[in-house]
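A short worksheet on the structure shown next.
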Amino acid sequence: MQKTSSQSNTRTFNLILTAILIALVFVATLLLNIKLPIRANGGLIHMGTAMLFVISISFGPKKGAIAGAVGMGLFDLISGWTLWAPITFLVRGLQGYIVGKIAWSNGRNGNSKGYNLLATIVSIPPMIAGYYVWEAFLFNSWIIPVASIPGDIVQNVVGVLVAIPLCVLLKKTPFFR
């Protein structure tokens, strides 16, 4: 069966849009970050989390999951956080999916500020738990990863505080109307 030109254009647009969203998460993680001095094994606050939330709320669970997983996973691979890349791919993909799924539930399409806030908050515990279990495995200790939790919380809170107002503004643009 032959595809129509319209279907082909839609698929091409979606592919390009997804690639741009991945790049936005990657760049926001790479260029807008602060390394935390609170623990020996690292810790990073970055705007990639805010970008993940914005993308998931604005474009839904599929694009949010792909952009978060690939964008932040690539960052880990090239920035010296290579051991974290597998779990980043998994938990950030899951986080993007959760946010998008809740924000887009029942036809809301990310237009409800309350559900958008709920979505971001609900996505935080699985992200923290995923990194905690991964670090427990890496360091062979259930105690050492506890030091990561405050940084993870701060990173997500900053992400929420940036993303929710930004989404309100973006939803007013002609692209989202």
Side-chain angles (χ1 to χ4, degrees), residues 1-33 44-79 81-82 84-127 130-131 155-177:
M1 186 187 316
Q2 214 172 7
K3 297 216 186 253
T4 66
S5 178
S6 173
Q7 288 173 326
S8 180
N9 288 343
T10 300
R11 290 184 70 197
T12 301
F13 175 80
N14 279 324
L15 179 64
I16 292 168
L17 179 61
T18 302
I20 290 169
L21 298 176
I22 290 168
L24 285 171
V25 170
F26 174 75
V27 169
T29 307
L30 180 69
L31 299 180
L32 304 171
N33 68 61
L44 197 64
I45 304 256
H46 54 74
M47 287 297 109
T49 302
M51 190 59 67
L52 166 67
F53 291 157
V54 168
I55 289 166
S56 298
I57 290 166
S58 301
F59 296 98
K62 185 177 177 184
K63 284 186 175 51
I66 293 169
V70 177
M72 288 191 219
L74 283 173
F75 167 80
D76 281 354
L77 286 174
I78 69 150
S79 299
W81 300 87
T82 308
W84 275 258
I87 195 63
T88 293
F89 187 85
L90 181 68
V91 299
R92 293 309 190 140
L94 178 62
Q95 190 173 28
Y97 183 82
I98 290 169
V99 172
K101 193 70 173 172
I102 294 171
W104 280 59
S105 64
N106 297 325
R108 286 185 187 86
N109 297 341
N111 292 318
S112 168
K113 289 177 230 157
Y115 270 83
N116 294 348
L117 180 60
L118 175 68
T120 57
I121 292 169
V122 167
S123 78
I124 295 170
M127 176 266 188
Y131 279 116
Q155 181 181 110
N156 279 282
V157 168
V158 169
V160 170
L161 293 175
V162 170
I164 298 299
L166 187 56
C167 285
V168 170
L169 293 173
L170 284 174
K171 290 291 185 172
K172 293 179 181 178
T173 65
F175 183 83
F176 290 103
R177 279 194 233 152

Which value, rounded to the nearest 0.5 Å, describes the distance between [X] atom [atom1] and [Y] atom [atom2]?
X: Ile22; Y: Leu74; atom1: CD1; atom2: CG; value: 7.5 Å
X: Ile121; Y: Ile102; atom1: CD1; atom2: CD1; value: 10.0 Å
X: Leu17; Y: Leu24; atom1: CG; atom2: CG; value: 9.0 Å
X: Ile16; Y: Leu21; atom1: CD1; atom2: CG; value: 12.0 Å
X: Trp81; Y: Thr29; atom1: CH2; atom2: OG1; value: 12.0 Å
X: Ile20; Y: Leu15; atom1: CD1; atom2: CG; value: 10.0 Å

* Report the C-alpha separation of Val158 and Met47 in whole Å, then their side-chain angles, then the decisive distance to 0.1 Å, and conclude whether the side chain to side chain contact (heavy atoms under 4.5 Å, CB included) test is met. => CA-CA 8 Å; Val158 169; Met47 287 297 109; 3.2 Å; yes
Residues in side-chain hydrogen bond (donor to acceptor under 3.5 Å, both in side chains) contact with [X], at least two apart in sequence or another chain:
X: Tyr131; value: Thr88
X: Ser105; value: Arg108
X: Asn116; value: none

* Name all pairs fulfilling the ring-ring contact (aromatic ring centres under 6.0 Å, His included) condition that reach into residues 86-113, sequence neighbours left out, sorted by first residue then second. =>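 Not a single pair qualifies under ring-ring contact (aromatic ring centres under 6.0 Å, His included).
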Donor-acceptor contacts, no H, no angles, side chain residues 160-173, under 3.5 Å, sequence neighbours left out:
| from | atom 1 | to | atom 2 | distance (Å) |
| --- | --- | --- | --- | --- |
| Lys171 | NZ | Asn109 | O | 2.8 |
| Thr173 | OG1 | Leu170 | O | 2.6 |

Are side-chain heavy atoms of [X] and [Y] found at a separation under 4.5 Å?
X: Phe53; Y: Asn156; answer: yes
X: Gln155; Y: Met127; answer: yes
X: Leu30; Y: Ser79; answer: yes

* Between Arg92 and Val25, is a side chain to side chain contact (heavy atoms under 4.5 Å, CB included) present by the stated rule, with each step listed? -> CA-CA 11 Å; Arg92 293 309 190 140; Val25 170; over 6 Å; no
Could you list the donor-acceptor pairs under 3.5 angstrom formed by side chains in residues 56-64, with sequence neighbours left out?
| from | atom 1 | to | atom 2 | distance (Å) |
| --- | --- | --- | --- | --- |
| Ser56 | OG | Leu52 | O | 3.0 |
| Ser56 | OG | Gly96 | O | 3.0 |
| Ser58 | OG | Val54 | O | 2.8 |
| Lys63 | NZ | Asn14 | OD1 | 3.2 |

Which atom pair, heavy atoms only, marks the closest approach of [X] to [Y]?
X: Gly73; Y: Ala85; value: O-CB, 4.0 Å
X: Gly93; Y: Ala69; value: CA-CB, 3.7 Å
X: Val91; Y: Pro126; value: CG1-O, 4.3 Å

* Asked: Counting only N and O atoms by type, is there a donor-acceptor contact under 3.5 Å from the side chain of Thr120 to the main-chain atoms of Leu117?
  ->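 Judged by distance alone, yes, a pair lies under 3.5 Å.
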* Between Leu94 and Leu90, does a side chain to side chain contact (heavy atoms under 4.5 Å, CB included) hold up when you go through it step by step? -> CA-CA 6 Å; Leu94 178 62; Leu90 181 68; 5.8 Å; no
* Run the numbers on Met51 and His46 for side chain to side chain contact (heavy atoms under 4.5 Å, CB included), then give the verdict. => CA-CA 9 Å; Met51 190 59 67; His46 54 74; over 6 Å; no
